[in-house]
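Below: one structure, written as structure tokens.
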Amino acid sequence: MLIESGGPSRPLDLGSLNPEQLAAVTHGNGPLLIFAGAGSGKTRVLTMRIAHLLRARGVGAERILALTFTNRAAREIRSRLTQLLGAQKGLWVGTFHSIAVRMLRPHAELLGYRPGFAIYDEEDSRALLKRTLSDLQLDSKKHPLGPLQQRLGRERAQGGSVEDAKFALVADRYRALCVESNGMDFDDILINLRALFVRQPEVLQLWQSRFDHVLVDEYQDTNRVQYEILRSLAGPHRNLTVVGDDDQSIYAFRGADPRNLLEFERDFPEATVVKLEQNYRSTQGILDLAHQVIEKNRERSPKRLWSADQTGSRPVLILAGSDDQEAAWVAERIDRLALEEGIGFGQCAILFRTNAQARAYERALVERRIRYHLVGGLRFWDRREIKDLICFLRLLNNPEDAVSFDRIANVPRRGVSERTAQAVIAAAAESGSSLLETCAKASGLELREEARAALSQFAAEMVPLAAEARRRPPSELLLLIIRRCALAEHYDDGTRSGQARLDNLAELRSLVSDYDHLGAARGLERFLTDVALSTDSDETEAGERVTLITLHMAKGLEWPVVFLTGLEDKLLPHERARFETGGLEEERRLAYVGITRARQQLHLTCAAVRHVFGKTLTLRPSSFLGDALPGQLDLVELEGHAAPELAARHRQRAEGGPAPTRPGRPPAWAPSRTPSDRRQDGE
DNA sequence: GAGACTGGAGTTTTT
DNA sequence: CTCCAGTCTC
């Protein structure tokens, strides 16, 4: 069924699409693989294709499933679709995880979970892993949490069984503790959905028959588990559209497997393949450089971006003596751009490989009073007071949630030590009663008198709240928790950060109140699910401020002016990438992603000396800089730089630079058009 | 049980 | 340098 958008139903305007885009949008049934280069109008094609299915092919909105990796992408598709056709009721557009949770919730019991299961973020999962180690009496010194967590995540995302026996023991125990707490981490959500499909064919069939078309964004970022889920879902109809770019695969370290994209044609031999190579974002000079860099990768599908925009300046290489000089130059340049060319701070972004590099830029920008915005700093939902309150709510929603219990049993301080909390968790698991019940009956536990009293105190506060959770809308419940546990007093220490914490609580309450209309239990569960799956790195656009951002987080974004910084050996490519197979190629893709974020002006910076961890390192220019053709870059040489060869290579600019192609015309190596293409183009 | 102290490690991380 | 986890002391 089609929901009207106001005006009379008229055909979609396909005229603005280029031939390749048009082919992708109007492709009929069967598998479709779209190689969508950076800035090639990928989201536009995806939404137009959905719109075309709805409007021209009469597919019901409820029969379409569109999967993305980020909330931002899902929101973008939905809002553009709404612009095109009006709101589409019944259409499923969401992240893999949010869709998976929707599919799991009704059947969680078939997998040994109870209704209202919690969703654990990285921090929760880390806490649980810590408990796993102490349960198994493993020394957390010999098995540092961070690397362990990363390995666990990667191995589980890859979906196979764990080889190393000791590690398998940890993985199994971790999983058991998750189930015991009735919680799933991000990986569990996908793993469990896959397990559900394998073990319960009738559930799989239910979801298979629910959708006629499945579309996937950023397919190069799918891991093994997601791949198998997709194959299951698209099994009967094979109407699977995948969009991706192997050159922008930068999450292999997290288990993403770009082979899913590269081998799509093996999986679906009847697939139609479309390559989107016309770029609508950047100038040709920027794309030429991007190509020089990415071309060196062996594991990629051949393609080359081109732009109709032959204007614009060439990329500039800044050779600096030190990181401080580099940062100062960038800040000054941003200032000058604003002053002389009227380019606002919001149009500029500074990109770097590691978060630690942000510091120098913050200092340099503050010095010049330039407003900036650091993406990926401390996020709202990660703040202590916010996370505490979420854990209160989670415990009330899911009485088995030991992770949440463990976090808040002693918030505010009421004399429940870590040991005591662990004793409660163990006793609750033993007796099969809930955590709160166990606290209420603390007199039966073998603990010191003070500890038992503290637990009784905790139960006395929480048990009435548990009753309220069943009848109060979530925002009222939140207020009751804050009052009952005297949390405002706890967080307000009279300092300015104390006041900030109170403000955050108020902000939280206002966010929660959006769910009040859903009623008590339903509203609470929906809120907790949404919160868990919507980290706000897709933060609100921050006005006229310079963006400071890592290369990873910059993917999918663009700015008129980009500074790609720290182009040095050991930093980009990162030193540690050398030890991993395919590491260097992934680093090169990172550089490629960085370059292709720029619309008009691209600056590459390279410092000879850099302060890392309090030590001063002397670094050589990144090998990626050597990929640029002689004379391809404009040059800025600052005092003390140590890259004479590189400078010489670019100092002498070839007469007029590379021969410019005529504006508006694809270069000779752009794909040639067939006569039928031309007809569609209206030539 | 809670706060102060010390030592070690410190890429990236959509969900 | 700077953050964190684990240990030590009261």
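Reckoned from all heavy atoms, side chains included, excluding hydrogens, waters and symmetry mates. The sequence lines fix the lettering, A, B, ..., with proteins before strands; numbering per chain opens at 1.
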Using side-chain hydrogen bond (donor to acceptor under 3.5 Å, both in side chains) as the criterion, list what pairs up with [X], not counting sequence neighbours.
X        : result
A:Ser456 : none
A:Glu446 : none
A:Arg394 : A:Asp124, A:Ser404

Looking at residues at least two apart in the chain, or sitting in another chain, which of them share a ring pair (Phe, Tyr, Trp, His ring centres under 6.0 Å) with [X]?
X        : answer
A:Phe96  : A:Phe69
A:Phe458 : A:Phe405
A:His552 : A:Tyr251, A:Phe253

Is_stacked (A:His574, B:dT11) at 5.5 Å, 30 deg:
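Here A:His574 meets both the 5.5 Å and the 30° conditions.
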In whole angstroms, how far is the [atom2] atom of [N] from the [atom1] atom of [X]?
X        : N      : atom1 : atom2 : answer
A:Leu67  : B:dT15 : CG    : C1'   : 13 Å
A:Asp324 : C:dC1  : CG    : C1'   : 13 Å
A:Gln457 : B:dG1  : CD    : C1'   : 16 Å
A:Phe186 : B:dT14 : CZ    : P     : 8 Å
A:Met184 : B:dT15 : CE    : C1'   : 15 Å
A:His97  : B:dT13 : NE2   : P     : 16 Å
A:Arg353 : B:dG10 : CZ    : C1'   : 14 Å
A:Arg413 : B:dA2  : CZ    : P     : 6 Å

Sorted by number, the residues of residues 245-255 of chain A with heavy-atom contact under 4.0 Å to DNA chain B
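The answer is A:Tyr251, A:Phe253, A:Arg254.
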Using a strict heavy-atom distance below 4.0 Å, which residues from residues 216-227 of chain A are in contact with DNA chain B?
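Hits under 4.0 Å, by residue number: A:Asp221.
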Taking any heavy-atom pair under 4.0 Å as a contact, classify [X]: base, sugar-phosphate, or nothing.
X        : answer
A:Gln149 : nothing
A:Ser98  : nothing
A:Arg419 : nothing
A:Glu122 : base
A:Asp187 : nothing
A:Glu418 : nothing

Just compare [options] and give me whichever is closest to any side-chain atom of [X].
X        : options                : value
A:Phe613 : B:dT15, B:dT13, B:dT11 : B:dT11
A:Thr420 : B:dT15, B:dT13, B:dG1  : B:dG1
A:Asn410 : B:dT15, B:dA2, B:dT11  : B:dA2
A:Arg359 : B:dT13, B:dT15, C:dT2  : C:dT2
A:Arg576 : C:dC3, B:dG10, B:dT12  : B:dG10

Looking at the angle O4'-C1'-N9-C4 for a purine or O4'-C1'-N1-C2 for a pyrimidine, is B:dT11 syn or anti, with syn meaning within 90° of 0?
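Syn for B:dT11; the angle stays within 90° of 0.
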Test side-chain contact (heavy atoms from CB on, under 4.5 Å) applied to [X] - qualifying residues, sequence neighbours left out:
X        : value
A:Val170 : A:Leu129, A:Thr132, A:Leu133, A:Leu136, A:Leu138, A:Leu148
A:Glu155 : A:Arg151, A:Val162, A:Phe167
A:Gln357 : A:Phe352, A:Arg353, A:Thr354, A:Thr565, A:Leu571, A:Arg610

Letter by letter from the 5' end, nucleotides 5-10 of chain C scores (B base, S sugar-phosphate only, - none; protein heavy atoms under 4.0 Å) SSS---
Under 4.0 Å between a Lys/Arg side-chain N and an Asp/Glu carboxylate O for A:Arg231 and A:Glu228?
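No, A:Arg231 and A:Glu228 are not salt-bridged.
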When you check the phosphate oxygens OP1 and OP2 of [N], does a side-chain N or O of [X] lie under 4.0 Å from one of them?
X        : N      : value
A:Arg154 : B:dT13 : no
A:Asn355 : B:dT11 : no
A:Thr550 : B:dT13 : yes

So which one's nearest nucleotide on DNA chain B is more toward 5', A:Ser417 or A:His552?
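That would be A:Ser417.
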Check whether any side-chain N or O of A:Asn260 sits under 3.5 Å from a backbone N or O of A:Arg224 as a donor-acceptor pair, and report yes or no.
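Here the side-chain-to-backbone pair does not exist.
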Decide whether A:Thr605 and A:Glu326 meet the rule of one side-chain donor and one side-chain acceptor closer than 3.5 Å.
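Result is yes, a qualifying pair exists.
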Side chains of A:His611 and A:Thr616: do they bring a donor and an acceptor to under 3.5 Å?
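Yes, A:Thr616 and A:His611 have a side-chain donor paired with an acceptor closer than 3.5 Å.
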How far does the C1' atom of B:dT14 sit from the matching atom of C:dC3, given to the nearest Å?
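Looking at atom C1' only, B:dT14 and C:dC3 are 25 Å apart.
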Take atom P in B:dT13 and the same atom in C:dC4, then report the distance between them in whole Å.
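15 Å, rounded to whole Å.
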Pair A:Phe197 + A:Trp207: ring centers closer than 6.0 Å
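Ring-ring flag for A:Phe197/A:Trp207: false, centres at least 6.0 Å apart.
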